[in-house]
Protein chains: 2
Amino acid sequence: MQFTKAEEYGMFGVLYLAEQDPNKVVPLSEISEAQNIPEKFLAKIFQSLSKSGIIRSHRGVRGGFTLARDPKEISVKDVLETIQGPYHLMKCTEDQRNCTDGKSDEFCALRELILEAERRLVQVFEQHTLADLVEWQKTKSVSQLV
Amino acid sequence: MQFTKAEEYGMFGVLYLAEQDPNKVVPLSEISEAQNIPEKFLAKIFQSLSKSGIIRSHRGVRGGFTLARDPKEISVKDVLETIQGPYHLMKCTEDQRNCTDGKSDEFCALRELILEAERRLVQVFEQHTLADLVEWQKTKSVSQLV
DNA sequence: ACTCTTCGGCTTTCGTAAACTGCATTGTAC
DNA sequence: GTACAATGCAGTTTACGAAAGCCGAAGAGT
């Protein structure tokens, strides 16, 4: 019941990019040092973020990464789901055939509750963008959180 | 980012009790067979639920378990937190010293967002009781969910 | 063209926690 | 007193998260 390091590192890495001058190409080495993240691990995470079009990679000398879009257009959900896939609190909310009882066709009250919890969780993450987080960090305030 | 089997089994086990006649003492063997749960594993889970006063154990011949309180008085949160402890989506929301950057004293926008997400999640689980779930299961409807 | 740099992709390793098991012990109803 | 069911503790096994390593590909600069 916790986010993985990959998600955590991915968020910090992407936030680091969002804080920079949009035109600055930032190499992995800089991010991993600044944010205290194992470089090769971050490389793997950034690969998937790159493939899904959240960040853009630049190879060669003075290469690195930039955000592919405006931070206002990247939700926290975008980042988290790219790294880990949609979060499901139970196997049965991912695919009902994973029901413990094997009663995959029946109504399950617990499953409905979990689905509702998942919806609430997603809401938080899709309502806020990288730009929001950078803004909060600057003002040290989350007054806009609601 | 998923509940453990322990939480899942625990919920199903407790729900099974909530569906029975409140005076019926149900042995582990019955629950584990009905709900398809490894008996010894369920035994371990039920021990902690018993210690925290959610269920009551009855030893000896024709022993087993009953709910310790009215299903209306047992929230889903009670059960889940007994089994797993309070859920934290990141290590840093459990204890700020676990911050990746080691900047445990500083304001962290991401942390604030995660804390908000946790609050939303808890709300869902503390607002609904075992009685609600049993009711939904009977009516096959979650109209009261909101 | 050559070379240096930085990402890309694949494989392997390591550690830890989840998931499950076994057995001896204690308590209780009959 | 014996059969049954939970208790408590000590395991084992499995799975996955979290890296680390290696080599190849692509682009920049000369």
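Chain letters run A, B, ... following the sequence lines, proteins first, then strands; residues in each count from 1. Any value given below was found using the heavy atoms of this structure, including those in side chains, with hydrogens, waters and symmetry copies removed.
Residue contacts for A/Gly60: at a heavy-atom cut-off of 4.0 Å it reaches a base atom on one of the strands shown. Across all strands shown, A/Lys5 has heavy atoms under 4.0 Å from sugar-phosphate atoms exclusively, and none from any base. Across all strands, B/Phe46 comes closer than 4.0 Å to no nucleic acid atom at all (heavy-atom distances). Using a 4.0 Å heavy-atom criterion, one finds that B/Tyr9 contacts the sugar-phosphate atoms exclusively.
Closest to the B/Lys44 side chain, of the nucleotides C/dC7, C/dT21, D/dA20, is C/dT21. With C/dC23, C/dG8, D/dA28 as the choices, the nucleotide that has an atom nearest any side-chain atom of A/Arg59 turns out to be C/dG8.
Remark: A/Lys91 does not engage A/Glu94 in a salt bridge, criterion side-chain N to carboxylate O under 4.0 Å. Ion pair B/Glu135/B/Lys138 not flagged as a salt bridge, since none of the NZ, NE, NH1 or NH2 atoms sits closer than 4.0 Å to an Asp/Glu carboxylate oxygen.
In terms of phosphate contacts, B/Thr4 brings no side-chain nitrogen or oxygen within less than 4.0 Å of OP1 or OP2 of C/dA17. The side chain of A/Ser50 places no N or O atom within less than 4.0 Å of a non-bridging phosphate oxygen (OP1 or OP2) of C/dC7. Between B/Gln47 and D/dG8, a side-chain N or O to OP1/OP2 separation shorter than 4.0 Å is present.
Toward the 5′ end of DNA chain D lies the nearest nucleotide of B/Lys51, the other residue of the pair B/Lys51 and A/Arg62 mapping further downstream. Mapping B/Val61 and A/Lys40 onto DNA chain D by nearest heavy atom places B/Val61 closer to the 5' end of the strand.
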